[in-house]
Amino acid sequence: MDTDASAAPTTPVLDPKRLTVDQLRGLDCGYCRGRLYRARLIDVVRVGEGAHESDVQLYACEPVCRPRVLLVPHAWCRYCHDPIEKAGATVIGFTEVASGPGRPIYADAKCVVAYRVMPLTEHPQGTDGQPRYRERRFVTSRP
């Protein structure tokens with residue numbers, strides 16, 4: 001059986017000067033910049049110059065990168081700090097800024113449920129824009 005070497009998938013070339021701090025620390029994927037939950041070692045690169053030069057191990061998503069992770073996300077989750085795509089972003093409040101009305105604070109769907117965060121549209125009238133939380137409801141079982 002004949003196989004063509006050019007048909008094999010190619011891995012992206014990594015430029016050590018363009019890697020983010022989280023990629024160099026092993027927190028984000030070296031290819032897609034997504035948060036690593038399961039990782040595999042892909043390369044060892046030399047970063048820095050002179051006395052500050054050192055070898056850094058780079059990691060990638062295991063088994064493969066998620067295709068839906070964007071290099072420039074719409075927002076970052078306030079709680080887990082994961083990138084959020086526009087469809088999954090929920091505005092939960094505003095941060096005051098001296099030069100304008102403020103910046104929106106986002107949370108992703110899993111953190112809205114886990115932290116019981118109320119979307120901004122459900123805040124009571126006249127609130128200050130800080131994130132609000134739903135009250136915990138205890139379920140009592142009947143005998």
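What you see below is based on every heavy atom in this structure, not just the backbone, and it leaves out hydrogens, waters and symmetry mates.
In terms of heavy atoms, I42 sits closest to Y31 at CD1-CZ, 3.7 Å. Listed here is the closest heavy atom pair of G26 and Y59: CA-CD1, 4.1 Å. Of all heavy-atom pairs between V91 and Y106, the closest is CG2-CE2, 3.6 Å. Taking each heavy atom of D108 and C80 in turn, the nearest pair found is OD2-SG, 3.5 Å.
T20 is linked by a side-chain hydrogen bond (donor to acceptor under 3.5 Å, both in side chains) to Q23, counting only residues two or more places apart in sequence or in another chain. For D43, there are no salt bridge (Lys or Arg N to Asp or Glu O under 4.0 Å) partners at least two apart in sequence or on another chain. Qualifying side chain to side chain contact (heavy atoms under 4.5 Å, CB included) partners for E62, counting only residues two or more places apart in sequence or in other chains: R38, R40. Scored by the salt bridge (Lys or Arg N to Asp or Glu O under 4.0 Å) test, D128 finds no partners at all (sequence neighbours excluded).
Counting only residues at least two apart or on different chains, the side-chain hydrogen bond (donor to acceptor under 3.5 Å, both in side chains) pairs with a member in residues 46-56 are R46-E53, R46-D55. Judged as a salt bridge (charged side-chain N to carboxylate O under 4.0 Å, His left out), not a single pair has a partner in residues 94-105 (not counting sequence neighbours).
Y79 and I84 sit in two unconnected hydrophobic clusters of ILVMFWY residues. Membership requires side-chain heavy atoms under 4.5 Å apart, directly or through other members. Tracing side-chain contacts under 4.5 Å through hydrophobic residues (I, L, V, M, F, W, Y), one reaches L41 starting from L36; they form part of the same cluster.
Cluster partners of V21 are absent, since no Ile, Leu, Val, Met, Phe, Trp or Tyr has side-chain heavy atoms less than 4.5 Å from it.
L58 is not listed as a side-chain neighbour of V44, based on a closest heavy-atom distance of 4.5 Å or more. Within the 4.5 Å cutoff, side-chain heavy atoms of P124 are placed close to those of R132.
A distance of 6.0 Å separates SG in C77 from NZ in K110, rounded to the nearest 0.5 Å. From T90, atom OG1 reaches atom CD1 of I105 across 13.0 Å, with rounding to the nearest 0.5 Å.
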Donor-acceptor pairs under 3.5 angstrom involving side-chain atoms of residues 112-123: please list them, not counting sequence neighbours.
unit_1, atom_1, unit_2, atom_2, d
R116, NE, R134, O, 3.2
E122, OE1, R134, NH1, 3.1
E122, OE1, R134, NH2, 2.6
H123, NE2, I92, O, 3.4
H123, NE2, M118, O, 3.4

